[in-house]
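Encoded as structure tokens, the structure appears first; notes follow it.
All residue numbers in this chain count up from 1 along the given sequence.
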Amino acid sequence: MKMEMTWGGKMRFEAQTPSGHTVLLDAAPEVGGENEGPRPTELLLAATGACSGIDIVDILRKMRLTVESFAMEVSGERAEDHPRRFTHVHIHYQLSGDLPVDKVRRAVDLSRDKYCSVSQSLNAEVTTSFSINGERYE
């Protein structure tokens with residue numbers, strides 16, 4: 001995969017994705033940015049969540065299960081010292097519908113351990129949990 005990145009002055013960059021989308025990234029004003037876009041680290045967490053969410057929806061669909069709603073909370077802990085990489089990422093999936101716990105657990109495990117190329121690209125521990133219709137599972 002190859003992506004074009006263009007500097008827009010100060011700390012702003014515009015990415016042209018291979019799929020034809022434009023993403024604007026910027027830094028906080030206290031480090032010279034203008035807050036015109038998300039930070040690269042924010043997009044990394046969003047990409048991790050989206051990648052895993054796509055996997056889980058796809059896996060559950062192949063299991064012929066219907067997801068009524070799906071949301072995620074993605075949190076990341078960063079190292080104190082530079083490069084301040086993410087050391088731990090946790091994704092909590094919130095699903096609703098007539099979904100057997102064992103099937104959702106299998107989908108979550110497959111995404112985390114096998115299919116999500118974004119989380120597999122991180123040098124961080126990735127943990128997961130989920131809830132179905134408000135009941136939490138670890």
Side-chain angles (χ1 to χ4, degrees):
M1 182 181 301
K2 183 177 179 181
M3 191 173 306
E4 298 291 328
M5 301 282 301
T6 305
W7 181 51
K10 295 191 174 180
M11 300 293 184
R12 179 182 163 171
F13 283 87
E14 186 175 289
Q16 298 293 321
T17 70
S19 58
H21 299 279
T22 301
V23 180
L24 179 65
L25 300 96
D26 202 355
E30 54 268 22
V31 295
E34 295 181 297
N35 196 31
E36 291 186 5
R39 312 297 176 263
T41 50
E42 293 171 337
L43 289 182
L44 184 61
L45 283 184
T48 303
C51 177
S52 184
I54 289 167
D55 288 342
I56 290 169
V57 167
D58 186 49
I59 292 166
L60 293 175
R61 187 178 299 150
K62 288 176 180 169
M63 292 176 179
R64 302 184 189 279
L65 295 170
T66 302
V67 177
E68 292 175 7
S69 68
F70 188 11
M72 289 176 272
E73 294 175 0
V74 183
S75 58
E77 295 174 19
R78 296 178 68 185
E80 293 291 323
D81 297 323
H82 288 284
R84 299 200 60 226
R85 68 178 182 86
F86 284 109
T87 56
H88 184 246
V89 173
H90 183 80
I91 307 172
H92 180 75
Y93 309 93
Q94 301 164 320
L95 300 106
S96 65
D98 185 17
L99 302 168
V101 172
D102 62 326
K103 302 262 184 186
V104 172
R105 186 180 308 283
R106 178 79 176 137
V108 167
D109 291 350
L110 282 170
S111 175
R112 183 193 58 237
D113 299 335
K114 186 173 183 179
Y115 293 119
C116 179
S117 58
V118 176
S119 67
Q120 291 294 318
S121 299
L122 293 174
N123 183 15
E125 176 189 27
V126 178
T127 58
T128 54
S129 60
F130 62 95
S131 57
I132 303 171
N133 303 322
E135 187 169 345
R136 186 178 176 104
Y137 301 90
E138 297 295 327

Pairs of donor and acceptor atoms involving the side chains of residues 96-105, under 3.5 Å and at least two apart or interchain, shall be tabulated with distances.
unit_1, atom_1, unit_2, atom_2, d
Ser96, OG, Ser69, N, 3.3
Ser96, OG, Ser69, OG, 2.5
Arg105, NH1, Glu138, O, 2.6

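- Between Val74 and Gly49, the shortest heavy-atom distance links the atoms CG2-CA, 3.9 Å.
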TODO: Walk me through it: do His92 and Ser131 pass the test side-chain contact (heavy atoms from CB on, under 4.5 Å)?
DONE: CA-CA 8 Å; His92 180 75; Ser131 57; 3.3 Å; yes
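- Side-chain contact between Pro18 and Met3 is present, with heavy atoms from C-beta onward closer than 4.5 Å.
- Distance check, rounded to the nearest 0.5 Å: CD of Gln120 to OG1 of Thr48 gives 11.0 Å.
- Just one of Met72, Glu73, Arg136 meets the side-chain contact (heavy atoms from CB on, under 4.5 Å) condition when paired with Gln94; it is Glu73.
- Here the straight-line distance linking atom CG of Asn35 with atom CD of Glu30 works out to 8.5 Å at 0.5 Å rounding.
- Partners of Asn133 according to the side-chain hydrogen bond (donor to acceptor under 3.5 Å, both in side chains) rule, which considers only residues two or more places apart in sequence or in another chain, do not exist here.
- Taken together through direct or relayed side-chain contacts under 4.5 Å among Ile, Leu, Val, Met, Phe, Trp and Tyr, Ile56 and Val118 form parts of separate hydrophobic clusters.
- Contact check for Leu122 versus Leu44: side-chain heavy atoms found under the 4.5 Å cut-off.
- Nearest heavy-atom pair, Ser129 versus His90, reported as atom, atom and distance to 0.1 Å: OG-NE2, 2.9 Å.
- Side-chain heavy atoms closer than 4.5 Å link hydrophobic residues (I, L, V, M, F, W, Y) into clusters, and following such links, possibly through other members, connects Val108 to Leu95.
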- [ ] Report the C-alpha distance between Arg112 and Ser119 in whole Å, list the side-chain angles of each, state the deciding distance to 0.1 Å, and finish with yes or no for side-chain contact (heavy atoms from CB on, under 4.5 Å).
- [x] CA-CA 7 Å; Arg112 183 193 58 237; Ser119 67; 5.5 Å; no
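- Heavy-atom minimum distance, Arg39 versus Gly37: NH1-O, 3.0 Å.
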- [ ] Output, in order, the C-alpha distance, side-chain angles, deciding distance and verdict of side-chain contact (heavy atoms from CB on, under 4.5 Å) for Phe70 and Leu60.
- [x] CA-CA 12 Å; Phe70 188 11; Leu60 293 175; over 6 Å; no
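- Leu24 and Leu43 end up in different hydrophobic clusters when Ile, Leu, Val, Met, Phe, Trp and Tyr side chains are linked at under 4.5 Å.
- No single ILVMFWY cluster, assembled from side-chain heavy atoms under 4.5 Å apart, contains both Ile54 and Leu45.
- Taken to the nearest 0.5 Å, the CG atom of Leu25 stands 9.5 Å off from the CD atom of Glu14.
- Scanning all heavy atoms of the two residues, the minimum distance from Met11 to Ala27 falls at CB-CB, 3.6 Å.
- Going from atom CD of Gln16 over to atom CD of Glu4 covers 8.5 Å, rounded to the nearest 0.5 Å.
- Cluster membership check: Ile59 shares its hydrophobic cluster with Val57, using side-chain heavy-atom separations under 4.5 Å among Ile, Leu, Val, Met, Phe, Trp and Tyr.
- Among Asp55, Asp58, Thr128, the one residue that satisfies the side chain to side chain donor-acceptor pair (under 3.5 Å) test with Ser111 is Asp55.
- Residue Arg78 qualifies as enclosed at atom CZ: its count of foreign heavy atoms under 6.0 Å is above 12.
- Arg12 contributes no side-chain N or O that, together with a main-chain N or O of Glu36, makes up a donor-acceptor pair within less than 3.5 Å.
- The stretch residues 100-138 participates, sequence neighbours left out, in these ring pair (Phe, Tyr, Trp, His ring centres under 6.0 Å) pairs: Phe130-Tyr137.
- Interatomic distance, CZ of Phe13 versus CG of Asp26, reported as 9.5 Å (0.5 Å rounding).
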